[in-house]
Each structure stands twice: as structure tokens, then as C-alpha cells.
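One structure is given here, and the rest of the page talks about it.
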Amino acid sequence: MPELPEVETVVRGIKPSLVGRRVEEMWHDWDKTIHSPTPDEFAARIVGQRFQNVRRRAKYIICELDNDFLVIHLKMTGRLYVVPAENDYDADKWVHFRLQLDDGTQLRFSDMRKFGKVYLTNDIKTITGKLGPEPLEDSFSLDVFEERLAGRSKMIKPLLLDQTFVAGVGNIYADESLHMAGIHPKRRSNSLTDDEVQALHGTVRAALQKGIDQEGASFSWYRKPDGEPGAMHKHFLVFRREGEPCYNCGTMVEKIRVAQRGTHFCPACQPLGS
DNA sequence: CGGACAACCTGGCGGC
DNA sequence: TGCCGCCAGGTTGTCC
């Protein structure tokens, strides 16, 4: 599910409920949801710690506690929200991790496919150390983008999905930003013209910012922490629009597979060339 | 470095 | 209605 805009929306939604709260108890029912340390050590360490801050890095949700970082990755179907402890557990049968907080609320991590992970560490670099730059920060300049492209030759779409190349872009926003830049997803990264590189640098940021402004895309599992859907899926240009006309030229949007991922593009606006 | 593919899981959907 | 195969927004590891 969630890419940078969805994770950012989750962080903004839960932060006010968490900052200042103290952890009273931890519960889980699926060991593999706890990435590290062991569930027993996790529980022993986290109880008593207070939330100092909640932020995002790439697609990771990072909660700064007194002595540790509580890190959560939603993967495909994860949801994270805070509700009163008395709220019916059966309302969401996919909750696999809960923290009881000192104001009578609970932080709940729901994950239908069980791909998501929670981590507790005092060294955040072990998790975020290899990530590429944050695409929406000012430091992600055109120069930085060009430098990172230098020496790379693989197809541009899978390169955008590589979290060590640039952090936070997933399948939706890769397709959307490539369409906005008029670049075919199978183009070799070293075949892009200077103009195309400049355009893509801008559209990656624009696509992600649009996703944040619309509070994420909810065509399937993703929901905001308040349970409501985001609106981004109403504004997709090509993603999941195969067989429908391109808004720019009227040509039918196509769906193909690129690096084993479903990929949507307009063959007229995004030519592969010869 | 690049690429293919399997794994990790469950649920929804189309086809028969 | 039932069963089967395929698909799904992510990441990691293996093998060539």
C-alpha cells in the first residue's frame, strides 16, 4: 500500500495523539511482525518509555522514544492508528501489534498480509543508513539527482523504485511521475536527455507532493489514521487506468510488466523510441 | 552493476 | 456456488 505520501499522512495523523504519551504495555499475536529485538526484549524495553516525536524517513515511521526508536514499516497492507482502548478489537481482525498508552488509548498496527514490521533500536542508522535522499527535501537538488544517475544504466522505473537511489517512491508514484515527464518506464537511465532528467526531477517531487496534498491513495487497503480514505486515487493520470484515455492525448493507457511490476503508461506521450 | 525470481502472507477477482 | 489461478501499493535475498 503505502508510499511516501501515504506514510507522511499517517505520521501527520498519529503524531498529535502520541507525543507525550508513555507506553504501559505491549501486545502482539504474530512473532514475525516483530522484526527485532525478540518480542520479550521488545516488550521489556519499550514499557515505560515516552513518545518524544514522530516523523517519517522514506516509507518508515520513526517514533523517537526516551531511549530507543520505535520504527514501523507498513509494507503492502499495514495500517497504524490510535483509538480508545475500549474500542472493539473485533472491528479490525488484522491487528497484530498494540501498545497500551497512559491516557487510555492504544496504538494499533493492523496488517492483513503480515508483511509489515516493527523495530526497536537505539541506532536508527541500522535501518535508515542505506536509504537514498528524501525527494521532497531541498537538498534533493537537480545536481544531486544528476550525480546519482551518473554511471547507472538500468531501466528508469526500477531505478526510481530502488530505495537506495531515492527514498520513498513506490509503484504508484513512479508511474505517475514518469508519465508527467513523458518518459517511457523502460527507458535506460543513461539514455535520458538533460531536459528529461530535469523534467523527471521535477515530476517525482510534484507527484509525491500531490499525493500528500490529497492525503494518499485509497483504491484498496490504505486508510488514513482516522479511518477515512485519501483522495489521491481520484487524480491518477495513468495508474490503474489501463484501457482508459490519456488525459493529455486521448490514447488508451496501457499496462505492461516492467521488472515484475505492473506498469501503467501512455504509449503516445511516453514513447520508447527506436 | 543489472536482471530474473522466489519468499514473506491474505484476500479479491475473473474464468470456468 | 465452488475451485483455481492470478493479481496486489514493498523489500530482501539468491543466483546467473
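Chain letters run A, B, ... following the sequence lines, proteins first, then strands; residues in each count from 1.
For A:Y60 and A:H73, the ring centers sit closer than 6.0 Å to each other.
The CD-C1' distance, from A:Q260 to B:dC5, rounds to 7 Å in whole Å. Distance, A:K93 NZ to B:dT10 P: 11 Å, rounded to whole Å. Straight-line distance from the CG atom of A:L161 to the C1' atom of C:dT11: 11 Å, rounded to whole Å.
A:K59 comes within contact range of the sugar-phosphate backbone alone, with a heavy-atom separation under 4.0 Å but no base atom that close. Counting non-hydrogen atoms under 4.0 angstrom, A:G116 reaches nothing in the nucleic acid. Contact annotation for A:K255: backbone-only contact, meaning every heavy-atom pair under 4.0 Å involves sugar-phosphate atoms and none involves a base.
Among the nucleotides C:dT11, B:dT10, C:dC7, the one closest to the side chain of A:W94 is B:dT10. Of the listed nucleotides (B:dG2, B:dT10, B:dC9), B:dC9 has the atom at the smallest distance from the side chain of A:K32. Which of C:dT11, B:dC9, C:dC7 sits closest to the side chain of A:W30 comes down to B:dC9.
Side-chain contact annotation: A:H96 with A:D111, donor-acceptor N/O pair under 3.5 Å absent. A side-chain donor-acceptor contact under 3.5 Å links A:Y247 and A:R241.
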